[in-house]
Structure formats: structure tokens, C-alpha cells
Amino acid sequence: MAQAFSLFTVRDSILHRFHPLTKLSSAGFLFIAGLILPGTWTAYVVLVVIALPLALLGKVTRAWLAAAWRVALPFIISVFLVQGFFWPRGTPLVFLGPLSLKREGLVFAIASTGHILAVVSSFLLLALTTRPDMLMTALTQAGLPGNIAYIIVATIQIVPRFQAKAAAILDAQRARGLETEGNIIQRLRAILPLVVPLVLGSLVDVEERAIAIEARAFNRTGPKTSLIEISEATWEPPVRWVIVGVMVGMVGLSIWLR
Amino acid sequence: MSSRFKQDFTTVTLVLIPVAIAINIAVGQTIYTLKVPLYVDSIGTVLVGVLAGPWAGALTGLLSNLIWGLSGLNVTYAPYAAVAAVIGLLAGLFGESGWLKQWWKVILAGIITGLVAAAISAPITAYVFGGVTGSGTDVIQAMFQSAGFAVLPASFGQGVSSDPLDKTVTYLIVWLIVRALPERFMARFPRAENLKG
Amino acid sequence: MGDRGGDGGDGGVEYLVEMIALDNVTYTYPVTTTPALQNVSLTIPAGQFCAVVGANGAGKSTLAYTLAGFVPHFYHGKLNGKVTVAGKDTAATPLSELVLDVGLVFQNPFNQISGAKFTVREEIAFGLENLGVQRDEMLARVEAAMRVVGIETLADRSPLALSGGQMQRVAIASVLVMRPKAIVLDEPTSQLDPIGSREVFAAIRALAAEGSTVVMIEHKLEWVAAFADRVIAMAGGEVVADGEPADVLTDESLLTRGLGQTRYTLAARRARELGRWPAERKLPVTLEEAVEGFRK
């Protein structure tokens, strides 16, 4: 599992024991609530009241906060700078030389930061507490086409190999004199010698991989069984329906309010 | 087009898609280390569109961004899944229309795709991310806004300043790659006729 | 070579005297003009371990794909003649049925790991899941397959985090678990280091010992001489020799047709040139034969 391209960390937590679909709907709820509900500070309320307890329940708080911060920081800095100073026709609050901080821009930036954090946190929470293959198995049992599930799991597993291949090609080309630092023209020139070998080399494998899958009866029509069994508590399915119901309600409400 | 649906999703297509998404991610990251003003994170998506049709291309784009997000590598890609899906769809349509057979049409396809991508990205950038991308193009956003444009149109302006170039480079790379593929290999894919001649 | 009497069998297992039969088979890939297989006719009885040797491009891989049904169903192209495997005409039987009768293992271990599963155990079970086998039976069959190839300790590891030899054994187990009537291996060790090769040959030896019909394409002739009941040599898409390892691997005329020789044969040939090996004595193909011959 360590090889797979995912954030999943094994923890003995209550959240980890939930059914994958429960975690998916919770993350979805967080995403929708943080994004759609009106109000500048709403997203923050959602984060503190719902996301944080979930993270604590999953014993992933530190990793979650660190990752969320790392991902969101460039956006937060940008949004405050861009919207704070350059809000079109805004009311100036403070003057800093030729620039001025606009009130509307600041308000917008605060709301946007809430949105960004909601989006980032919901995905991260799901990724940290859910094994991707379990999630895919659960979705397949719930009706997701097997092909889609296959694509997602296979991608997650082969990406590290491709990253390694890309790094190896980078090293090999550098050793043959390819300039990857220096001026912009040199760096642009480096694109083809790095990209083309990677893609061509990868496409060669596609034929054999297709044969291998066929040889394992993947295309057989008819019911499939599963080696791994996913357990869920009895309260989970009804709670999931409630969550989804509220989500739909929120979307409807925000459309109606506009 | 619906009659081709089953034909397009052969086993080879199914196996191609994870490889294409992995290419998107590995190339995207390599380009990032080169520190050039390009993303080049859709080579796989365009390739699938051209080789296996619009729906396969759309699926590749959609899943590519969702996986990029779920993996934690770049969570902010996830909301743009719809944009990536459209890029794949367009690649399939351009492929069907034989645009990959002449270099100037390849460039035009890239420009058009870039403009459409900018148009669809703009509302996402504006409403989810407050009009910023966390990268150098935010300067352009600031410029448009200080000229009086609201967040959404300024986001479109920001997109137009980077997407058409990025997608044109992507299409040219894909074009070079399919030209380098031997014919016996090309025959494996459902839409090989897009590239013959 | 073992005739297995067939008793057709009400309720019993059908014994096929002929597991594989090719009748004047010629095949050309699409977009090419030269046939990859030319007038190939051979029969392989059930339970035999048959090795296929020859230079690159001789048609060996094409033969492997033909036995497994991927020629013509996957590759299309033009197939003339009749290919019968496990009693079925491959051209007339759907590929989804053929893959259950013939298992295929090829060179690149990585390409045979589906990527759909996170542990070796699940990866091996993948084919059985697709076939809708009940969970208890799946677990039992997977354990058995892992034991045959010697990878029980790897059951919970990620299949993509293994060495080449380990991955290849997972691939063999994944094929074995589906209980095919015949197993075709196309240069299974060519991408492996010596340790990996040894592990894989041990696994192949184990599955042959269980009575499977095995067709193995291989360049490492010392291993061929050690395992195979029969050797088929190919060149230019045709079968140019067919018989016991000791005969085929010492055949002078084949040296010009791209076939190599084992180290022991080479040593004895040199010795013969120097007058140290009697001209009329048979050349060795295995270490034991060489040692015995040189001792005399």
C-alpha cells in the first residue's frame, strides 16, 4: 500500500472504521456546505463545527491541517493580495502608497479563503481516512461500473512508477547535456526530450496490459464476486441518506435564494 | 456517435486511460520542475481523445483531475474536473474531424481548446478560488480588475493569457507523438483512422 | 510421451489425448505482408512440457498468442488453418471462453499485474472475482496457487512493490488459480536477473509437476534441456525441428538457422574439434551428460 499514490494513512480511529460511502458522503457534505451556503463566515463555521471534529475522530488532525495549509497557502496569499488591492471600484480602507486596500475585496477574500479551505479540507479528509480500493469496491457494490473503478485504482497504483520513470529520463537527458536550468528558451527546449520518451515508452506497454486483463476474464459479463468484505454499522446507511438529503436541500436552497 | 460507444471502449482503451492519466501527472510534475509558464498536464487526455474518441477522452480528463485531487498531490485540480473532461471531449472531436493530420490545424485545435478551457475555468476560478490560481498569472487577474473588470471576466482574461498557449503546446506534443508511432501499433486503437494519411 | 487414455466420461474429468493441435496454420498480422507463422502443424499431448526455441522474429511469440486465442481474436489479421486447443476451435470460440482453458504468461512482469488490487492475495484472486467464484473457494484456490509458486510470504504486500522475479511468480499464480488446461509462457525470465530466473523456473517446474500441459518459449537453453520433454525449433515462421532436447539441441543444421546451443554442447563441440571428444559420441545438453562424457 505504501507504493500507491494516495494519502491514506493507517490509523485505528473511529472514522477509519466507517464504511467508505459514509466517509464519501460526509466529505461531499463538507464540500457543498462550505462552498454553497451564503455568508462570508459560513465556510469557517462549517469547518470548525463539522470538519474539525471529523478530523479529530479520524486521528488525522495534524496531517490534515498541515496538508490543507500547505495546499491552500499560495491561494490565500494571492486572493488577499489580488482582491484586497485590486477589487474593481472598491471602497478604500487603508492606503499603502499608490495602492489601497478595498473593503469589498477583503470581504471577498475572506469568503474565498473559506471556500478554498472547504474544498481542500473535504478532499483531504476523505483521502487521509479512506483506502482507495475500499472506496472503489464500495462504489462498485453500490452500482459504479467496474471499468471506472478499475481505471481509478490502476491509475493510483501506476503513477509512482511513472513519476520514477520521468525522473530517470530527466537524469539521463541531463547526463547527456540537456540544459534544464538557465534561460527560458533552454528550459522550453528541454520539454520534448523529457516528455516524448516517457509517453512513447509508456504506450508500448498498453497492448500487453490489455492482453493481461483479457486473460483474467475481466471482460466477462455476469455477476462478479469480491474477495474483500466491507463491514458497516447498522446506523450508517440511514445516516448516509440523511446527509445526502441535506446536501440536496442545501443546493436547492442556494439556487432558490439567488 | 452512440453507436461507436461500445467500439471505443475496448480493452485497449480501458488500459490506455490509467496510463494516460499517469502521463498527465508525471509530465505535469516534470514541467513544473522546469519552471516554465506552462502546465502541460493534459497530454494523456488529448491523446486518449484522439486515439479512442471523445467520450473516452472526456472520461480521462474527468478522472485525471479527480485522482489528482484525491491523491493529495494537488487537491486544487479537483474542482476543474469538468474543464478537463471538456478538453478530452474536444480532442476526440478534433481527432474525428481529421484535424491532427495537418500541423496548422493542430495549432488551431490547441488555441480553440485553450479558449474553451479558459471560458469554463473562469467561473470555477472566480467562485471557488476567489479569482486566483496561486501562480504568476494572478498578476493578470489583478491587472484586469484594476482596469475595472469584475472578478469573473477578469478570471476569463487570466485564463486566456495562459490556456491557449498551454493547450497548443500540448496538442503539438501529442501530434509529434502520434506521428512517431508505428502503424501496426496505431491499428490497436479504436480511432486509428483519425491519424492515417 | 504419454498417451492418456480418454474415457470421455460421464461425470468424470475429460482427458484430452491431444491438448493442442495446429493443422497447417499460416498467420499474417494486419498491416504486414510476410506471414508470422507458415504452415505450422503440430500436436501437443496433455501433460507434456514442450519448449519452443529459435531466434528472435522466428514466430515463437506469435505461436504463443495463437495457442491462447489472442491470434486471431485480439490481433485480427489473417489466420488460415485450424487451431484446436482443449478440444475447441480457437477461431470459432469467443476469447472470453478460451482464456479459461489456456493461461498466458509473458516477458514483462509489470504489465501482467492488473493494477486493480492492492495486495498480492487480491491480485491473484482478481480473475476468480471476474468469474464470480464464491469467496470461500477463492480463498482456498489463491492459497494453493501461492504455495505452488512459493509466494505465501508475499500475500499482503503490494504487487507492484516486488522484485521482477516475485512479480512474475505472482503473474504465474494469477494464471494458475484459474485452473487452465494448458499454460503458455513466453520467455518468462528474459527480463529477470539470475536469482529471479531461478525462482521462476522453480515455480514452472512445480506447476509442470502437477501435470499441467506447459508450452514454454525460452532462450536459456540449459533450462530447456533440464525441464522439457520435447523441443520445437522455429525459424522464419516455420517449425524446423521437433523432438527430444538431446536431438534438437545438438542438431548441427540448426546452428545456421539462428538456434543457439547449450554451454555443454559448445564445450563438447570444441573438444571434438580438438580430438578430445569421439566423433561418434552424442553431444551433451545437460551438465550431467557433459560430465559423464568428459569423464570417459
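Every chain is numbered from 1, with letters handed out A, B, ... down the list of sequences.
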Legend entry - A/Gln83 (side chain) donor-acceptor with B/Gly130 (main chain) under 3.5 angstrom: yes

Legend entry - pair B/Pro79-A/Val119: side-chain heavy atoms closer than 4.5 Å: yes

Legend entry - Residue selection (most heavy-atom pairs with chain B, distance under 4.5 Å) from A/Leu203, A/Val204, A/Leu200: A/Leu203

Inset, instruction - Below 4.5 Å from any heavy atom of chain A, which atoms of B/Ile31 appear? Answer side chain, backbone, both or neither. - result: side chain

Inset, instruction - Would you indicate whether the side-chain heavy atoms of B/Leu176 and A/Leu192 approach each other to under 4.5 Å? - result: yes

Inset, instruction - Taking B/Gln145 for its side chain and A/Phe86 for its backbone only, find out whether a donor-acceptor pair lies under 3.5 Å. - result: yes

Legend entry - Validation row: B/Ile25, A/Phe162 side chains within 4.5 angstrom (heavy atoms): no

Legend entry - Gap between atom CD of B/Gln29 and atom CD of A/Gln163 - 0.5 Å precision: 4.5 Å

Legend entry - Pairwise ring pair (Phe, Tyr, Trp, His ring centres under 6.0 Å) hits with a residue in residues 191-221 of chain A, at least two apart: A/Tyr150-A/Phe218, A/Phe218-C/Phe126

Inset, instruction - Look at A/Thr130, A/Leu198, A/Leu124, A/Ile191 and state which one has the largest set of heavy-atom pairs under 4.5 Å with chain B. - result: A/Ile191

Legend entry - chain B contacts, top residue of A/Asp205, A/Ile77, A/Leu188, A/Leu135 (heavy-atom pairs, under 4.5 Å): A/Leu188

Inset, instruction - Heavy-atom distances under 4.5 Å only: say whether A/Asn147 touches chain B with side chain, backbone, both or neither. - result: both

Legend entry - Partner chain A: residue of B/Thr30, B/Val128, B/Asp138 with the largest heavy-atom pair count (under 4.5 Å): B/Val128

Inset, instruction - Find out whether A/Leu194 and B/Leu34 are in side-chain contact, i.e. whether some heavy atom of one side chain is under 4.5 Å from a heavy atom of the other. - result: yes

Inset, instruction - Heavy-atom pairs under 4.5 Å with chain B are the metric here; pick the option from A/Val71, A/Val120, A/Ile213, A/Val199 that has the most. - result: A/Val199

Legend entry - Leading residue by heavy atom contact count with chain B [cutoff under 4.5 Å; candidates A/Ile152, A/Val196, A/Ile184]: A/Ile152

Legend entry - Contacting region of B/Leu172 [heavy-atom separation from chain A under 4.5 Å]: neither

Legend entry - Contact origin within A/Ile151 toward chain B - heavy atom pairs under 4.5 Å: both

Legend entry - Interface residue of largest heavy-atom contact number with chain B, from A/Ile169, A/Val206, A/Leu73, under 4.5 Å: A/Val206

Legend entry - Within-4.5 Å side-chain heavy-atom neighbours: B/Ile23 and A/Ser202: yes

Legend entry - Side-chain donor or acceptor of A/Arg89 paired with backbone N/O of B/Gly148 under 3.5 Å: yes

Inset, instruction - Report yes if the side chains of B/Tyr127 and A/Leu35 come closer than 4.5 Å at any heavy-atom pair, otherwise no. - result: no

Legend entry - B/Leu63 side chain near A/Thr155 side chain, heavy-atom distance below 4.5 Å: no

Legend entry - A/Ala154, part contacting chain B, at a heavy-atom distance under 4.5 Å: both

Inset, instruction - If a pair satisfies ring pair (Phe, Tyr, Trp, His ring centres under 6.0 Å) and one of its residues is in residues 129-165 of chain B, list it, with sequence neighbours excluded. - result: A/Phe75-B/Phe129, B/Tyr80-B/Phe129, B/Phe144-B/Phe149

